[in-house]
Amino acid sequence: MLKGKWALVTGATAGLGLAMADSLAGAGASIVLHDLIEPTQTRDRLRTQFDVDVLSVAADLSQRASIEAMMTGLLGRIDAVDILVNNAVVRHFSPVEHFRPERWDEALAVNLSAPFHLIRLALPAMKQRQWGRIINMASIYSTRAVADRVDYVTTKTAILGLTRAVAIETTRDGITCNALCPGTLPTPAIQARIEAVAARENRTLDEAAHDYLATRQPTGRFIAMEAVGAMAAFLCSPAARDITGATLPIDGGWSIA
């Protein structure tokens, strides 16, 4: 389905970014894996597993010069980034009055400015080809708040505005731009939090996970990372060509509960 298309996925060493890279590679796309440290082992595994071209790159997305250097290098090796998945994220936990200003600046740079810069640098080649797919990773917290995560809530909410702005400007260019909003995923950070609760309260992991999810997703289960990857692949398919500017929840009913 996506043979001949190059997909850049940021923050793709593991977790959700890797799941989306897997799905796109499974659909035939060639993959560019990005992370702060070049994910060479992941690159080699994807090449072998999916028999597609895979490149790996490293860049500090908090620095505009680093983003521009990465994109200049990439566009010197491939003709275009046809699919851009803005997945990389940083988050910190602190009340607003104790939130360190340098962490705020870092979150704005990585979570919001980096997607803007990557989109602006990828768009010219997409427009020339009259085809492009931009997928911005938002979150359930782009539509609601949670205490002690002002950077995450703010930047994920702003991503929805960026998505709509890019979508409306590219409606006649064969380009779509959408935001995915997952609920609670079984990330290492979440698993560690549940393990800590289980140990502190002398409970089983299953009991702690059940209670953790019960206050969030009505389904009572984690959102599967491969399900988010499958949605990303669908948004790149011909069937999704008229879906643009959308905010798409994948949250087990959390947003409507």
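The basis for the numbers below is simple: all heavy atoms, side chains too, and nothing from hydrogens, waters or symmetry mates. These numbers come from a predicted model, not from an experiment.
- Counting only heavy atoms from C-beta outward, the side chains of V150 and W104 approach each other to under 4.5 Å.
- Applying the 6.0 Å contact sphere to CD of E68 captures more than 12 heavy atoms from other residues, nucleotides or ligands.
- Counting heavy atoms from C-beta outward, L16 and M137 have side chains that approach closer than 4.5 Å.
- Here the shortest heavy-atom pairing between V110 and P115 reads O-CD, 3.5 Å.
- The structure places CD1 of I135 at 7.0 Å from OG1 of T176, a figure rounded to the nearest 0.5 Å.
- Scanning all heavy atoms of the two residues, the minimum distance from A12 to T42 falls at O-CG2, 4.1 Å.
- Judged purely by atom type and a 3.5 angstrom limit, S66 has no side-chain atom pairing as donor or acceptor with the backbone of Q63.
- Panel note: side chain D35, backbone P39; no donor-acceptor pair is recorded below 3.5 Å.
- Residue L75 is not grouped with residue V85 when hydrophobic side chains (ILVMFWY) are merged at heavy-atom distances under 4.5 angstrom, including chains of intermediate members.
- Residues K127 and I175 have side chains in contact (heavy-atom distance under 4.5 Å, counting atoms from C-beta outward).
- The shortest heavy-atom contact between L123 and I134 is CD2-CD1, 4.2 Å.
- In this structure, I168 places its CD1 atom where only 12 or fewer heavy-atom neighbours from other residues, nucleotides or ligands lie under 6.0 Å away.
- Of the possible polar contacts, none joining the T171 side chain to the A167 backbone as a donor-acceptor pair under 3.5 Å is found.
- Counting heavy atoms from C-beta on, the side chains of T163 and T247 never come closer than 4.5 Å.
- The CG atom of L162 lies 5.5 Å from the CG atom of N136; values are rounded to the nearest 0.5 Å.
- With no hydrogens or angles considered, a side-chain donor-acceptor pair links S62 and D60 at under 3.5 Å.
- One distance of note links SG of C236 with CE of M20; it measures 10.5 Å at 0.5 Å rounding.
- Summarising the local packing, CZ of R241 is surrounded by 12 or fewer heavy atoms from other residues, nucleotides or ligands at distances under 6.0 Å.
- The hydrophobic cluster containing W254 also includes V89, I140, Y141, V146, Y152, V153, under a criterion of side-chain heavy atoms closer than 4.5 Å among ILVMFWY residues, counted directly or through chains of members.
- R129 has a carboxylate O that lies under 4.0 Å from a charged side-chain N of D79, or vice versa, which qualifies the two as a salt bridge.
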Solution key, residues 93-101 side-chain donor-acceptor pairs under 3.5 Å, sequence neighbours excluded:
residue, atom, partner, partner atom, Å
S94, OG, H98, O, 3.4
R100, NE, E102, OE2, 2.9
R100, NH2, E102, OE2, 3.1

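- Inter-residue side-chain proximity for T187 and M225 is flagged as met; some heavy-atom pair is nearer than 4.5 Å.
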Would L205 and E195 satisfy side-chain contact (heavy atoms from CB on, under 4.5 Å), going step by step from the backbone distance to the final call? CA-CA 6 Å; L205 282 176; E195 289 171 6; 3.4 Å; yes
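- At a threshold of 4.5 Å between side-chain heavy atoms, the hydrophobic network of Ile, Leu, Val, Met, Phe, Trp and Tyr places I250 and V9 in one connected group.
- Two residues are said to be in side-chain contact when any heavy atoms from C-beta on lie closer than 4.5 Å; I190 and L185 fail this criterion.
- Here the closest heavy-atom approach between residue S23 and residue A230 is recorded as OG-N, 3.5 Å.
- Separating the CE atom in M70 from the OG1 atom in T72 is a distance of 10.0 Å, to the nearest 0.5 Å.
- The structure places NZ of K5 at 11.0 Å from OG of S30, a figure rounded to the nearest 0.5 Å.
- Although no hydrogens or angles enter the test, the distance criterion places no donor-acceptor pair under 3.5 Å between the side chain of S56 and the main chain of E38.
- Hydrophobic clustering places V166 together with L112 (ILVMFWY residues linked when any side-chain heavy atoms are closer than 4.5 Å, directly or through intermediates).
- By the neighbour-count criterion of 12 heavy atoms within 6.0 Å, atom CZ of R221 is sparsely surrounded, having that number or fewer from other residues, nucleotides or ligands.
- Residues in residues 131-160 take part in no salt bridge (charged side-chain N to carboxylate O under 4.0 Å, His left out) pair, two or more places apart or across chains.
- Both L121 and V81 belong to a single network of hydrophobic side chains, linked directly or stepwise wherever heavy atoms of I, L, V, M, F, W or Y lie under 4.5 Å apart.
- Taking the side chain as every heavy atom from C-beta outward, D211 and R203 approach each other to under 4.5 Å.
- Residue L8 forms a side-chain contact (heavy atoms from CB on, under 4.5 Å) with just one option from L74, D82, N87, I83, and that option is L74.
- T13 OG1 to L18 CG: the interatomic distance, rounded to the nearest 0.5 Å, is 8.0 Å.
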What verdict does the side-chain contact (heavy atoms from CB on, under 4.5 Å) test give for I31 and L33, after you've listed the backbone C-alpha separation in whole Å, the side-chain angles of each residue and the deciding distance to 0.1 Å? CA-CA 6 Å; I31 306 294; L33 298 166; 3.7 Å; yes
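- Looking at every heavy atom in both residues, I223 comes nearest to G183 through CG1-N, 3.9 Å.
- At least one side-chain heavy atom of V32 sits less than 4.5 Å from a side-chain heavy atom of V57.
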Is there a side-chain contact (heavy atoms from CB on, under 4.5 Å) between E201 and E207? Walk through the geometry before answering. CA-CA 10 Å; E201 299 179 0; E207 289 171 341; over 6 Å; no
Start with the C-alpha gap between L235 and I243, add the side-chain angles, then the distance that decides, and say whether side-chain contact (heavy atoms from CB on, under 4.5 Å) holds. CA-CA 8 Å; L235 288 173; I243 301 174; 4.1 Å; yes
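- The cluster map of Ile, Leu, Val, Met, Phe, Trp and Tyr, joined by side-chain heavy atoms under 4.5 Å apart, puts V197 and I194 in different clusters.
- When all heavy atoms are compared, the tightest approach of F222 to L213 is N-CD1, 3.7 Å.
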